[in-house]
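Being a predicted model, the structure only gives us computed values, none of them experimental. Every number for a ligand or one of its atoms is a count from 1 in the order of the listing.
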Amino acid sequence: MGAGWNEGMAMKKYRKQDFPVEQVRRFLEPGPIVLVSSACDGERDIMTMGWHMVLEFSPSLLACCISSGNHSFELVRRSRECVINLPTVDIVDTVAGIGNSSGAQIDKFAHFGLTAEDAEHVDAPLIAECHSSFECRLHDDSQVERYNLFIWEVVKAHVAPRPRIPQTVHYRGDGEFMVAGKEISRRRLFLPEML
Ligand SMILES: Cc1cc2nc3c(=O)[nH]c(=O)nc-3n(C[C@H](O)[C@H](O)[C@H](O)COP(=O)(O)O)c2cc1C
């Protein structure tokens, strides 16, 4: 290993045990937890989502898994649009509530006292109480039938300048969340093209 890595300190080795493969998500779900807002034919909904990932810088592509049992699934599939909103820890109870109720029964904006704001490029609303909101158009639906996997292009991003680093929540399963913590920088170890 090159000099500089961990400043020459002996690195701790972990003694590992067998672990159920279906539970590895408890370590790998990266979060941050997001709220997906959608709208179609005069109906709107919000769902809580942890299963998402970045696919490409430009065009800005994201993938996410939306269960076909969710009310949001049909709104998103039919409209081919959504907004991915980033909530912070101060509204974590609302985040949990949205993820444990169905838009088939309630209007979640009204029920949870959230403010729907007009987006610029999509009909799905932005959530004013979230730190950031990313307007998305469906880029590729080829994996929807097989994996409920939607591949989105972010066509517009709305981000609050403060706080610069929002205190996001990251799901660990079993009703437990991690809260984003302290930041550290290792810029000096990065190649310029990797930043
Ligand atoms: C922390 C958390 C993370 C979740 N992540 C996902 C997810 O990634 N994909 C998914 O389909 N459902 C996920 N859910 C479940 C949906 O949010 C939940 O089924 C919700 O009630 C769907 O709402 P809807 O029926 O109004 O669309 C999650 C729920 C919670 C609480």
Side-chain angles (χ1 to χ4, degrees), residues 21-55 61-116 119 122-136 138-154 166-181:
V21 289
E22 67 280 4
Q23 292 288 325
V24 297
R25 56 170 283 240
R26 299 202 52 167
F27 297 96
L28 293 182
E29 272 191 49
I33 285 294
V34 296
L35 296 176
V36 180
S37 47
S38 54
C40 192
D41 298 334
E43 236 192 305
R44 61 188 185 176
D45 197 10
I46 317 173
M47 65 167 276
T48 301
M49 185 176 75
W51 291 8
H52 59 82
M53 68 176 292
V54 175
L55 289 186
L61 300 184
L62 309 176
C64 75
C65 197
I66 300 181
S67 163
S68 58
N70 290 351
H71 190 64
S72 302
F73 180 89
E74 273 307 308
L75 301 192
V76 157
R77 196 183 60 81
R78 289 193 345 246
S79 65
R80 301 174 72 83
E81 295 175 347
C82 76
V83 177
I84 293 181
N85 305 270
L86 190 72
T88 41
V89 65
D90 45 302
I91 61 166
V92 69
D93 290 356
T94 303
V95 168
I98 289 169
N100 284 276
S101 55
S102 169
Q105 268 104 45
I106 51 170
D107 174 350
K108 294 195 198 177
F109 279 94
H111 186 87
F112 292 102
L114 294 171
T115 314
V122 300
D123 285 336
L126 316 179
I127 302 176
E129 288 78 7
C130 286
H131 176 276
S132 320
S133 298
F134 310 131
E135 300 184 26
C136 298
L138 195 58
H139 176 78
D140 182 348
D141 65 2
S142 62
Q143 304 302 312
V144 171
E145 206 170 308
R146 188 156 181 196
Y147 294 114
N148 295 335
L149 187 75
F150 293 81
I151 297 174
W152 301 104
E153 177 177 354
V154 180
Q167 213 171 20
T168 48
V169 290
H170 304 246
Y171 193 49
R172 301 208 59 238
D174 227 16
E176 293 173 354
F177 295 85
M178 285 189 300
V179 181

With distance as the sole test, does E135 use its side chain to make a donor-acceptor pair with the main-chain N or O of V154 at under 3.5 Å? no
Non-hydrogen side-chain atoms of D174 and R26 separated by less than 4.5 Å: yes
I need the nearest protein heavy-atom contact for atom 8 (O) of ligand 1: residue, atom name and distance, please. W51 N, 2.9 Å
Any non-hydrogen side-chain atom of E43 less than 4.5 Å from a side-chain atom of H71? yes
Specify the protein heavy atom at minimum distance from atom 23 (O) of ligand 1: its residue, its atom name, and the distance to 0.1 Å. K108 NZ, 2.9 Å
If we ignore hydrogens and angles and just use 3.5 Å, is the side chain of K108 paired with the main-chain N or O of I46 as donor and acceptor? yes
Heavy atoms only, cut-off 4.0 Å: how does C65 contact ligand 1, side chain, backbone, both, or neither? backbone
So for ligand 1, is G103 a polar contact partner (N or O within less than 3.5 Å, distance only)? yes
Could you please spell out the steps behind the salt bridge (charged side-chain N to carboxylate O under 4.0 Å, His left out) verdict for R80 and D141? CA-CA 9 Å; R80 301 174 72 83; D141 65 2; 3.2 Å; yes
Determine, considering heavy atoms only, which of S102, S101, S38, S72 sits nearest to atom 20 (C) of ligand 1. S101
Decide yes or no for W51 and L149: does some side-chain heavy atom of the first lie under 4.5 Å from some side-chain heavy atom of the second? no
Which ligand 1 atoms does D45 reach within 4.0 Å, using its non-hydrogen atoms? 24 (P), 26 (O), 27 (O)
Do C82 and F150 come close enough that some side-chain heavy atom pair is under 4.5 Å? no
Within 4.0 Å of some non-hydrogen atom of I98, the atoms of ligand 1 are 20 (C), 21 (O)
Starting from atom 10 (C) of ligand 1, what is the nearest protein heavy atom, named by residue and atom, and what distance separates them? M47 CE, 3.3 Å
For atom 25 (O) of ligand 1, what is the closest protein heavy atom, and at what distance to 0.1 Å? H71 N, 2.8 Å
Nearest non-hydrogen protein atom, atom 18 (C) of ligand 1: G99 O, 3.3 Å
Any N/O of V95 closer than 3.5 Å to an N/O of ligand 1? no
Are F112 and S101 side-chain neighbours, meaning at least one heavy-atom pair lies under 4.5 Å? yes
Among all protein heavy atoms, pick the one closest to atom 30 (C) of ligand 1 and tell me residue, atom and distance. T48 CG2, 3.7 Å
Taking only non-hydrogen atoms of I66 and a 4.0 Å limit, the atoms of ligand 1 in range are 11 (O)
Residues, nucleotides or ligands: over 12 heavy atoms within 6.0 Å of E176 CD: yes
Give the residue, atom name and distance (to 0.1 Å) of the protein heavy atom nearest atom 5 (N) of ligand 1. G50 N, 3.0 Å
Name all residues meeting the side-chain contact (heavy atoms from CB on, under 4.5 Å) criterion together with D123; count only those two or more places apart in sequence or in a different chain, and write none if there are none. E81
Would you mind listing which atoms of ligand 1 come within a distance below 4.0 Å of any non-hydrogen atom of I33? 1 (C), 3 (C)
Please work out, at 4.0 Å between heavy atoms, whether the side chain, the backbone, both, or neither of N148 comes within that distance of ligand 1. neither
Has the side chain of N85 got a donor or acceptor atom that lies under 3.5 Å from a matching backbone atom of L35? yes
Quick one: does F134's side chain get under 4.5 Å of V83's, heavy atoms only? no
Please check whether Y171 reaches ligand 1 - meaning an N/O of the residue sits under 3.5 Å from an N/O of the ligand, judged on distance alone. no
May I ask whether L75 has any heavy atom positioned less than 4.0 angstrom from an atom of ligand 1? no
Just to confirm my output: which protein heavy-atom neighbour is closest to atom 11 (O) of ligand 1, and how far is it? S67 N, 2.7 Å
Checking side chain to side chain donor-acceptor pair (under 3.5 Å) for the pair N70/S72: CA distance, chi angles, key distance, verdict? CA-CA 5 Å; N70 290 351; S72 302; 5.7 Å; no
Looking only at distances, can you tell me whether any N or O atom of A104, backbone or side chain, sits closer than 3.5 Å to an N or O atom of ligand 1? no
May I ask whether H52 places a heavy atom under 4.0 Å from ligand 1? no
